[in-house]
Amino acid sequence: MKSPLLSLPGAVPGEGPDEGVAAHYGDLFREQRALADGSGFVDLSHRGVITVSGPDRLSWLHLLLTQHVSELPAGQATEALILSPHGHIEHALYIVDDGETTWAHVEPGTQGDLLAYLESMKFFYRVEIADRTEEFAVVHLPAGSIAEAPEGAAVRETPYGRDLFLPRADLESFAAASGPPAGALAYEALRVEAHRPRLGLETDHRTIPHELGLIGSAVHLHKGCYRGQETVARVENLGKPPRRLVFLHLDGSEVTLPGHGAPVRLASEGAAGRTLGFVTTSARHHELGPIALALVKRNVPVDAALIVDTTAAAQEVVVEP
């Protein structure tokens, strides 16, 4: 979905998973500072939107998701995963129920596969599932924003801000009343600072929830069965995940940021040393400078000095080894 807000002054189109919305509007750090101060908004209209309605919607979703949602109160935000039979992360859903309909936004381009899976699991349940991406756009208001949500809009309120589900036809008028806009790069930098993983960046085909610190926030350990639960329970009760998410402070003297997949090694072994992990997301932060998230092997010492390619990297623990 290509956003009409790409016509706003200074808009530079995003790339990769954020293609279709603005990467920035001419001043990355100003946009970050505005979001950190609780002003402006972020256009996330490239994200997929799925709704589930019907009297059985919450009890049915409870059977499929990693999160406890059977008694989800109206207006309470949550997040959940769908796992493979082997416990690997396949989908991430950011959810709110308005009392009649469950709304979820998902990574751009994943809504088709998600819809197909949900349809295959309907059986005799009284639910209606719909891809609403062409009708509704997601907009993010940062924590502390005093902007009013349009009447009737579904709203996910989290510690990081509010996600609004707006009719696409209202996107431009909302932007005119709620500026200044901030691009996806500013939003991503604050996401990295908050250690929040993102499907497709912090995950690959073998990622399990424990590696990203998603137990509790997206995975409920004391609910009924769901696909992949055996792996979650086994790792929780008997072992440790093979990898762990870390936060990296990168050497600010480097001109370019490491890309997704850049190898992480021990500084003592140099650029020819063993690969211990890889960068998942890197960003330039308005206060912290160059930062990144990375997945590394669990047994990498928490005090080890690391390098990414040839860039020095100091790690902070996100997931305990």
Side-chain angles (χ1 to χ4, degrees), residues 12-24 28-29 31-32 46 88-90 92 107-110 183-214 240-321:
V12 175
E15 299 178 347
D18 293 321
E19 182 179 358
V21 296
H24 61 83
L28 171 62
F29 291 151
E31 294 165 30
Q32 282 187 41
H46 61 319
H88 302 133
I89 298 173
E90 291 189 344
E107 282 298 316
T110 65
L185 289 180
Y187 180 82
E188 284 290 281
L190 299 185
R191 178 183 69 82
V192 172
E193 178 192 17
H195 308 162
R196 293 187 290 136
R198 181 176 175 185
L199 183 77
L201 294 177
E202 278 63 58
T203 69
D204 56 22
H205 67 283
R206 59 193 180 97
T207 305
I208 61 175
H210 298 76
E211 295 177 321
L212 304 183
L214 293 175
K240 295 283 188 178
R243 303 177 296 182
R244 60 185 179 89
L245 188 68
V246 296
F247 178 80
L248 300 178
H249 293 271
L250 303 174
D251 182 353
S253 66
E254 296 293 334
V255 175
T256 60
L257 289 172
H260 177 79
V264 177
R265 300 181 171 95
L266 289 175
S268 61
E269 296 184 0
R274 295 167 296 158
T275 298
L276 304 178
F278 63 94
V279 166
T280 57
T281 307
S282 60
R284 296 192 185 278
H285 191 274
H286 69 287
E287 290 182 338
L288 301 177
I291 56 176
L293 294 174
L295 271 177
V296 300
K297 294 180 179 178
R298 177 175 56 85
N299 59 2
V300 173
V302 297
D303 58 350
L306 304 175
I307 56 171
V308 178
D309 292 329
T310 58
T311 301
Q315 64 168 311
E316 288 184 12
V317 174
V318 177
V319 175
E320 295 287 343

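For this chain, numbers begin at 1 and follow the sequence in order.
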With rounding to the nearest 0.5 Å, note down the distance linking CG in Leu248 to CD1 in Ile307.
-> 12.0 Å
Run the numbers on Glu269 and Leu276 for side chain to side chain contact (heavy atoms under 4.5 Å, CB included), then give the verdict.
-> CA-CA 11 Å; Glu269 296 184 0; Leu276 304 178; 5.9 Å; no
Shortest non-hydrogen contact between Gln315 and Pro301, atoms and distance = NE2-O, 2.7 Å
Do any N or O atoms from the side chain of Arg265 and from the backbone of Gly273 form a donor-acceptor pair under 3.5 angstrom?
-> yes
Closest non-hydrogen atoms of Gln32 and His286, given as atom of the first, atom of the second and distance, are OE1-N, 2.9 Å
Would you check if Arg198 and Leu293 make a side-chain contact, meaning some heavy-atom pair closer than 4.5 Å?
-> no
Could you walk me through whether Glu19 and His46 pass the side-chain hydrogen bond (donor to acceptor under 3.5 Å, both in side chains) test, one step at a time?
-> CA-CA 8 Å; Glu19 182 179 358; His46 61 319; over 6 Å; no
Indicate the ring-plane relationship of His195 and Phe247, choosing parallel, tilted or perpendicular according to the 30° and 60° boundaries.
-> tilted
Side chain proximity check, Val318 to Arg244, heavy atoms < 4.5 angstrom | no
State, with a plain yes or no, whether a side-chain heavy atom of Val319 is found less than 4.5 Å away from one of Glu211.
-> no
If you look at every heavy atom in Pro197 and Arg191, which pair is closest and at what distance?
-> C-NH1, 3.7 Å
Within a strict 4.5 Å, meaning less than it, do heavy atoms of the Val317 and Val246 side chains meet?
-> no
What pair of heavy atoms forms the shortest contact from Val279 to Ala292, and how long is it?
-> CG1-CB, 4.3 Å
Heavy-atom check, side chain of Thr203 versus side chain of Glu107, under 4.5 Å = no
Determine, step by step, whether Glu202 and Leu295 satisfy the side chain to side chain contact (heavy atoms under 4.5 Å, CB included) criterion, reporting the C-alpha distance in whole Å, the side-chain angles of both residues, the deciding distance to 0.1 Å, and the verdict.
-> CA-CA 7 Å; Glu202 278 63 58; Leu295 271 177; 5.7 Å; no
Can any side-chain N or O of Asp251 pair as donor or acceptor with the backbone N or O of Ser253 at less than 3.5 Å?
-> yes
Side-chain contact test, heavy atoms from C-beta onward, threshold under 4.5 Å: evaluate it for Leu185 versus Val12 and give yes or no.
-> no
Between Ile89 and Leu212, is any pair of side-chain heavy atoms under 4.5 Å apart?
-> yes
Would you say the side-chain atoms of Ser282 pair up with the backbone N or O of Pro258, donor to acceptor, closer than 3.5 Å?
-> yes
Evaluate the criterion side chain to side chain contact (heavy atoms under 4.5 Å, CB included) for residue pair Leu306 and Leu266; output intermediate values, then yes/no.
-> CA-CA 5 Å; Leu306 304 175; Leu266 289 175; 4.0 Å; yes
Please report the closest heavy-atom contact between Glu193 and His285, naming both atoms and the distance.
-> OE1-NE2, 3.0 Å
In this structure, CG of Leu201 is separated from OG1 of Thr281 (nearest 0.5 Å) by 4.0 Å
Taking all heavy atoms of Ala283 and all of Val192, pick out the closest pair and write down the distance.
-> CB-CG2, 4.5 Å
Test item: His88 side-chain N/O and Thr207 main-chain N/O as donor-acceptor pair under 3.5 Å = no
Enclosure of Glu15 CD (heavy-atom neighbours >12, cutoff 6.0 Å) = no
Any side-chain heavy-atom pair from Glu31 and Tyr187 closer than 4.5 angstrom?
-> no
